[in-house]
Amino acid sequence: MNNPYGYINGRIRMMRVELLESRSLDDAQNAATYPEYLRQLSETSIREDLGEATAQGAGLGQLDEALSRNYLRSVQKLRSIVTGQPAQEVEALLLRYDLQNVKTLVRGIITGRTADDIVGGMIPAGTIPWSALQASAQSTDVPSLAQTLSVAGGKLGGVLRAAVSGGASSMLDLEVALDQGYYRTVLSGVRGVAVRRYFTREIDVRNLLIARQLRGSAVTNRYFIPGGRDVTESDFLRIAGGDNGTASDLAPILEAADLGVAEGLARKMLNDSARAVSMSDPLGPGVALDYLRRKEQEIARLRLTGRAKYYGLSREELQKELADG
């Protein structure tokens with residue numbers, strides 16, 4: 001029997017062609033005003049989703065909705081072309097957005113953001129129904145959020161409820177619990193060697209970022225995420241204790257001037273890893289993984305650029321936002 005990924009990945013590569021070229025993104029960044037930015041977008045493949053974003057008096061809320069529609073349409077198209085085992089693997093990849101969305105909910109509720117602000121920061125592209133995420137944004141505290149998501153929040157909803165029941169309350173405790181549950185689920189759901197190798201690298205990166213964040217506090221292994229390849233639990237504890245020594249090519253994350261720079265380096269490393277997996281995994285889910293990361297980066301870049309143009313930031317300020325984002 002032919003490998004179904006031969007056909008699926010051919011379709012995904014056609015979808016990748018629809019992503020905005022660097023020139024189109026550069027043109028949008030160079031727009032002098034917000035209306036000019038919208039005009040630039042109306043000349044790209046995003047135009048069919050812009051809707052009310054270009055209407056008189058429309059603002060960033062309408063732009064966010066337009067970009068979310070475009071994002072969701074891309075994910076729905078991806079889902080429509082996969083069946084069988086590939087469909088299960090793609091669903092495992094889409095858990096990434098569940099993780100991001102649940103973290104956005106947790107952060108928003110802990111920091112007292114409004115429901116509208118929280119919803120505006122979420123991505124309608126995971127496995128949790130959008131209606132459930134919107135309802136969850138109305139939660140008044142993390143325990144009530146966990147209760148709401150335990151019903152329709154899929155695997156990560158259950159992870160959050162278990163973490164809250166176990167006494168987790170700080171943002172770091174909750175986020176690491178979600179990370180641990182997420183990676184455990186993903187590694188059990190994807191079979192491709194190349195994609196599994198990518199996720200072990202992602203776990204290593206996440207462990208280094210957490211270890212940096214822990215410096216200056218009591219060192220504990222409860223924040224360690226199992227499943228990586230190059231960063232062991234003892235490495236994690238040593239680095240959290242202040243030791244930068246590592247022979248890994250991930251060392252720049254530890255040597256970065258601050259956590260923001262480290263996170264930017266981490267994103268670039270993982271984007272490069274996803275592209276490498278795409279090339280080395282022509283008959284596996286690596287192509288889908290790379291496409292999803294590319295699309296995510298495209299939408300994030302467009303959101304940041306839109307905000308910069310709306311508030312009149314300079315090109316230098318925009319470049320800094322893009323580098324930090």
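Below, each value reflects all heavy atoms present in this structure, side chains not excepted, and no hydrogens, waters or symmetry copies. Numbering starts at 1 and runs along the sequence shown.
- Proximity of Glu21 to Leu25: side-chain heavy atoms (C-beta onward) are nowhere separated by under 4.5 Å.
- A salt bridge does not link Arg238 with Glu233: none of the charged nitrogens is closer than 4.0 Å to a carboxylate oxygen.
- Interatomic distance, Ile128 CD1 to Ser136 OG, rounded to the nearest 0.5 Å: 7.5 Å.
- Checking side-chain atoms of Arg196 against main-chain N and O of Leu187 turns up a donor-acceptor pair under 3.5 Å.
- Of the possible donor and acceptor atoms, none in the side chain of Thr104 sits under 3.5 Å from a partner among the backbone N and O of Met122.
- Judged by distance alone, the side chain of Asn70 and the main-chain N or O of Ile46 form no donor-acceptor pair under 3.5 Å.
- In summary, the side chains of Asp27 and Ser24 do not present any donor paired with an acceptor at a separation below 3.5 Å, with no hydrogens or angles considered.
- When the shell of 6.0 Å around CZ of Arg191 is examined, it contains 12 or fewer heavy atoms from other residues, nucleotides or ligands.
- For the pairing with Glu202, the salt bridge (charged side-chain N to carboxylate O under 4.0 Å, His left out) check across Arg293, Arg229, Arg197 returns one residue only, Arg293.
- Between Leu214 and Ala240, the shortest heavy-atom distance links the atoms CB-CB, 4.2 Å.
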| task | Could you give me the CA-CA distance, side-chain angles and deciding distance for Ile210 and Phe236, then say whether side-chain contact (heavy atoms from CB on, under 4.5 Å) is met? | result | CA-CA 9 Å; Ile210 294 170; Phe236 175 83; 3.9 Å; yes

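- Taking CD1 from Ile110 and CG from Leu174, the interatomic distance works out to 5.5 Å, rounded to the nearest 0.5 Å.
- Contact check for Tyr37 versus Thr33: no side-chain heavy atoms found under the 4.5 Å cut-off.
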| What's the verdict on side-chain hydrogen bond (donor to acceptor under 3.5 Å, both in side chains) for Tyr223 and Asn207, showing C-alpha distance, side-chain angles and the deciding distance? | CA-CA 8 Å; Tyr223 295 121; Asn207 276 324; over 6 Å; no

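- Side-chain contact between Ile81 and Met15 is present, with at least one heavy-atom pair separated by less than 4.5 Å.
- Contact annotation: the side chain of Leu99 never approaches that of Lys155 to less than 4.5 Å [non-hydrogen atoms, C-beta and beyond].
- Note: Arg294 CZ to Leu289 CG = 11.0 Å, rounded to the nearest 0.5 Å.
- Within the structure, ring-ring contact (aromatic ring centres under 6.0 Å, His included) pairs that include any residue of residues 85-137 comprise Tyr71-Tyr97 (at least two apart or interchain).
- Asp179 pairs in a salt bridge (charged side-chain N to carboxylate O under 4.0 Å, His left out) with only one of the listed residues (Arg184, Arg96, Arg206), which is Arg206.
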| message | Pair Arg161, Leu149 - check side-chain contact (heavy atoms from CB on, under 4.5 Å), show working. | response | CA-CA 8 Å; Arg161 185 176 185 183; Leu149 285 179; over 6 Å; no

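- Defined by atom type and a distance below 3.5 Å, a donor-acceptor pair is missing between the side-chain atoms of Ser42 and Arg47.
- At least one donor-acceptor pair under 3.5 Å links the side chain of Asp204 to the backbone N or O of Asp230.
- The hydrophobic cluster containing Val151 does not contain Val142, counting ILVMFWY residues as joined when their side-chain heavy atoms lie under 4.5 angstrom apart, directly or transitively.
- Side-chain atoms of Asp98 do not come within 3.5 Å of backbone N or O of Leu95 as any donor-acceptor pair.
- Linking ILVMFWY side-chain heavy atoms closer than 4.5 Å, directly or via other members, places Leu302 and Leu313 in two distinct hydrophobic clusters.
- Although no hydrogens or angles enter the test, the distance criterion places no donor-acceptor pair under 3.5 Å between the side chain of Asn101 and the main chain of Gly126.
- Distance CG/Leu20 to CD/Gln40: 11.0 Å, rounded to 0.5 Å.
- Atom CD of residue Gln100 and atom CG of residue Leu156 lie 11.0 Å apart, to the nearest 0.5 angstrom.
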| said: Applying side-chain contact (heavy atoms from CB on, under 4.5 Å) to Tyr291 and Leu19, what does each step give before you reach the verdict? | reply: CA-CA 9 Å; Tyr291 172 78; Leu19 295 173; 4.0 Å; yes

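- Judged purely by atom type and a 3.5 angstrom limit, Asn221 has no side-chain atom pairing as donor or acceptor with the backbone of Phe224.
- Contact detail for Gly181 and Val159: the closest heavy-atom pair is CA-CG2, 4.0 Å.
- Between Ser234 atom OG and Ile239 atom CD1 the span is 9.0 Å, to the nearest 0.5 Å.
- For Ala168 against Asp173, the heavy-atom pair with the smallest separation is CB-CB, 4.0 Å.
- Hydrophobic clustering (ILVMFWY, side-chain heavy atoms < 4.5 Å, transitive): Val119 and Leu72 are in distinct clusters.
- Among all heavy-atom pairs drawn from Thr305 and Ala28, the shortest one is CG2-O, 3.8 Å.
- Side-chain N/O atoms of Ser144 and Asp141 include a donor and acceptor closer than 3.5 Å.
- A heavy-atom distance below 4.5 Å is found between the side chains of Gln85 and Gln88.
- Between the side chain of Asp290 and the backbone N or O of Ser278 there is no donor-acceptor pair closer than 3.5 Å.
- Remark: the backbone N or O of Ser314 is paired with a side-chain donor or acceptor of Glu317 at under 3.5 angstrom.
- Annotation: side chain of Glu48 is in contact with side chain of Arg73 (closest heavy-atom distance under 4.5 Å).
- Residues Leu172 and Ile253 share a hydrophobic cluster, clusters being chains of Ile/Leu/Val/Met/Phe/Trp/Tyr side chains in contact below 4.5 Å.
- Hydrophobic clustering (ILVMFWY, side-chain heavy atoms < 4.5 Å, transitive): Leu93 and Leu283 are in distinct clusters.
- A salt bridge links Asp249 to Arg201: at least one charged side-chain nitrogen sits closer than 4.0 Å to a carboxylate oxygen.
- The backbone N or O of Ala194 lies less than 3.5 Å from no partner atom in the side chain of Asp281, so there is not a single donor-acceptor pair.
- Put simply, the side chain of Tyr198 reaches to within 4.5 Å of the side chain of Leu270, judged on heavy atoms.
- A salt bridge does not link Arg301 to Glu298: none of the charged nitrogens lies less than 4.0 Å from a carboxylate oxygen.
- Taking every heavy atom of both residues into account, Asn30 and Lys309 meet most closely at C-NZ, 4.3 Å.
- Glu91 has its side chain within reach of Arg79: a pair of non-hydrogen atoms, C-beta onward, lies under 4.5 Å apart.
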Which atom pairs, one a donor and one an acceptor, fall under 3.5 Å between side chains of residues 58-67 and the rest of the protein, sequence neighbours left out?
residue, atom, partner, partner atom, Å
Gln62, OE1, Gly59, N, 2.7
Asp64, OD1, Arg303, NH1, 2.9
Asp64, OD1, Arg307, NH1, 3.1
Asp64, OD2, Arg307, NH2, 2.7

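- The environment of Glu52 atom CD is sparse: at most 12 non-hydrogen atoms of other residues, nucleotides or ligands sit within 6.0 angstrom.
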| From CA spacing to verdict: side-chain contact (heavy atoms from CB on, under 4.5 Å), Leu105, Leu160 | CA-CA 11 Å; Leu105 285 162; Leu160 179 63; over 6 Å; no

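- Counting all heavy atoms, side chain and backbone alike, Leu254 lies closest to Arg212 at O-NH1, 3.4 Å.
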